[in-house]
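No hydrogens, no waters, no symmetry mates; every other heavy atom, side chains included, goes into these values. Note that ligands are numbered from 1 as they come in the structure, with each ligand's atoms numbered from 1 the same way.
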Amino acid sequence: MKPVKSVKSLHAWSALEALSEREMPHLRELLNDRDRTQSLVLKGMGLELDFSCQRITAEVMHGLQALAKESDLAKQIKLLFQGASVNTSEQRAALHPALRSLEGDPVSWSQDITRNVTTELNRFCTFAEEIRHQKLTGFSGQAFTDVVNLGIGGSDLGPRMCVQALSNTPSSSQEPSSKRLPRVHFVSNVDAWALYKVVRELNPKTTLFIVQSKTFSTQETLLLASSAKEWLLQNGCPPDQLSLHLVAVTANTSLARESGYRENQIFKFWDWVGGRYSVWSAIGLPLAIAIGEDQFKEFLAGARAMDDHFVHAPWEQNLPVLLALIGIWNNNFLKASTHNVAPYSYLLSHFTPYLQQLEMESNGKGVDHHMQALEVNSSPIVWGGLGIDGQHAYFQLLHQGSHLVSVDFIGLKTDSCPLSHAQAHHACLVLNMKAQAKALALGRSLEDTSKELMLSGLSETEVAQIAGHRTFRGNSPSTSIWLDEMTPKTLGALMVLYEHKVFTQAAIWSINPFDQWGVELGKKIAQQLQER
Ligand code: F6P
């Protein structure tokens, strides 16, 4: 875990730097090579990654793989999966892959860990099924119809994104047969309006609050929980029945107990799970309620398949490693310091915010493991949102602005929306996603633009007056990620693809992706201001 050299002094780094200073063929040329295109489309675990619109040649790929080797990536992956203390600033392991492992897996976590994980998984899945089957009731004896998740950061973004993506799949709406499934809502923002706008539509007799907080001390979440309790009390809930409406998910179970939560409504996870890696634990409870135990376990299976691939696949076929290396090429060598994430599926509306925390809270660091200032950029600025909406807002900047921005397009190959005309909608999304990747890569030269304008009947003078405005430099790099379809398995695999991309990049930059000291100072000052 202790590379001696700074990343900048690695031979492979200098070689890549030299390569990036040489003039490379434009993507227009690169995309003419069919063999290259074919070799850059990789499939696995219900995903297809198309890297053909990246500014990479065989030489660049070799250079990047040499960088992975020289950074001891293989060893660092081994240490992660052996449960070594990879979170160096907090002296602990990062065992989130253990949350989706099975007893008897070749990766051997300690038996205690596997046993505890399995016990808690079964506990919260059983609870989720009881809620789904309307077996649990509130103070009036009526079953819960609505579940409200109160939490922020990792205690919100992962489950919120997954519920939005998966709660509409046919499998999740089929059962339990005749009864309506509880609706799942999310409130993360401490602004009272955020809570009010959700609860004003709900019946307090049938509303269950899940208070999610690893530390159980996050100011915003505690304030939301206290106002939720107040709302229940003001709406007829007897004080001694309040706890029926409250669930705690936390690594700080003693605090939850002290705060009056019922023992059987406290679900735990552990300090070795970072918030942004916690949806695989009891933090996934809202998702388990939305899709049911079997589907939740499929979600874990998709994640596990990507873990397995990451550990075993050679670099040249390893999807998270390739995504990470190409990201490093764009960020550190082509100087694309911002990275746009553009899903072309409404089901993935919350994917970009989820990824912003995963990437930037993990890798937004300025010092390496030895507290030496980094000499190279770490995480790019991740931004974006639904691509089809972005096209009519900020895509102008992607095409003609002065920044070079790399893009991840994410789409579905097939879509199962039951609306009668849904296939036409899906075709429109697919078409646009392909068109954007192509337009960014190919652009349109001044010469071609002028020719097109002449053909449209404009005079030479008129063309000279406008052609420059309508020219696109192209050569903007993107990856297109296709999910065969949206299922718990493919979503699990997609998320772990990014988790391990982040880990790989951190390994190369020699930074710790598992702490987040950067968020502390502001919290502390807010506390001091409150105490004044
Ligand atoms: O402030 C950042 C952070 O600590 C994240 O890392 C975490 O996901 C979020 O706050 C919520 O923390 P908790 O789950 O402890 O309430």
Side-chain angles (χ1 to χ4, degrees), residues 86-90 92-96 99 120 124 148-163 186-191 194-195 209-229 246-259 261 266-287 350-365 378-379 382 495 498-499 502-503 506 511-530:
V86 290
N87 180 349
T88 46
S89 73
E90 294 173 303
R92 61 185 181 219
L95 298 181
H96 49 280
L99 296 168
E120 210 55 21
F124 78 78
V148 183
N149 191 79
L150 305 178
I152 196 162
S155 299
D156 165 73
L157 293 162
R160 184 195 289 260
M161 183 275 284
C162 293
V163 166
F186 290 85
V187 180
S188 61
N189 197 301
V190 74
D191 192 324
L195 181 62
F209 290 95
I210 306 181
V211 181
Q212 307 237 53
S213 176
K214 179 176 170 180
T215 53
F216 227 65
S217 59
T218 300
Q219 190 190 23
E220 296 95 315
T221 303
L222 295 185
L223 191 48
L224 285 171
S226 124
S227 293
K229 286 181 202 166
L246 298 166
V247 172
V249 179
T250 182
N252 194 346
T253 47
S254 47
L255 207 50
R257 237 169 258 129
E258 279 166 30
S259 315
Y261 288 78
I266 298 176
F267 299 99
K268 70 170 174 215
F269 62 112
W270 301 270
D271 66 353
W272 43 257
V273 188
R276 53 199 175 273
Y277 301 92
S278 63
V279 68
W280 322 102
S281 72
I283 290 285
L285 177 61
L287 177 62
H350 297 298
F351 194 75
T352 307
Y354 156 76
L355 206 57
Q356 284 180 312
Q357 187 197 22
L358 180 64
E359 296 227 11
M360 296 197 282
E361 198 171 76
S362 298
N363 284 348
K365 306 288 165 63
S378 55
S379 172
V382 177
M495 292 165 70
Y498 278 101
E499 278 190 4
V502 165
F503 177 78
I511 58 177
N512 178 4
F514 300 119
D515 62 11
Q516 59 282 322
W517 297 108
V519 300
E520 293 303 323
L521 182 59
K523 280 190 199 171
K524 194 161 181 201
I525 295 177
Q527 202 181 342
Q528 285 164 350
L529 290 175
Q530 194 182 23

Within 4.0 Å of some non-hydrogen atom of Gly153, the atoms of ligand 1 are 8 (O)
Heavy-atom distances under 4.0 Å decide this one: backbone, side chain, both or neither, for Gln516 against ligand 1? side chain
Within the 6.0 Å centroid threshold, strictly below: His96 and Phe269: no
Protein contact of atom 11 (C) of ligand 1 - nearest heavy atom, named by residue and atom, plus distance: Ile152 O, 3.2 Å
What atoms of ligand 1 come within less than 4.0 Å of a heavy atom belonging to Val519? 1 (O), 2 (C)
Would you tell me which option among Gln219, Gln357, Lys523 has the nearest heavy-atom contact to atom 1 (O) of ligand 1? Lys523
Atom 15 (O) of ligand 1: closest protein heavy atom, distance to 0.1 Å, is Thr215 OG1, 2.6 Å
Please list the nearest protein heavy atom to atom 5 (C) of ligand 1 with its residue and the distance rounded to 0.1 Å. Glu361 OE1, 3.5 Å
Do me a favour and list the nearest non-hydrogen protein atom to atom 8 (O) of ligand 1 with residue, atom name and distance? Gly154 N, 2.7 Å
Where Lys365 and Ser362 come nearest, the two heavy atoms and their spacing: NZ-O, 2.8 Å
What are the two closest heavy atoms between Pro513 and Arg276, and how far apart are they? O-NH2, 2.8 Å
Go through the side-chain N and O atoms of Glu499 and Trp280 and say whether any donor and acceptor fall under 3.5 Å apart. yes
Parallel, tilted or perpendicular: which one describes the rings of Trp270 and Trp272, with boundaries at 30° and 60°? parallel
Gln212 N/O under 3.5 Å from ligand 1 N/O: no
Protein heavy-atom partner closest to atom 12 (O) of ligand 1 - residue, atom, separation in Å: Thr218 OG1, 3.5 Å
On a heavy-atom basis, the closest approach of Ser155 and Ser213 is OG-CA, 3.8 Å
Taking the six-membered ring for Trp and the single ring otherwise, decide whether the centroids of Tyr277 and Phe503 are under 6.0 Å apart. no
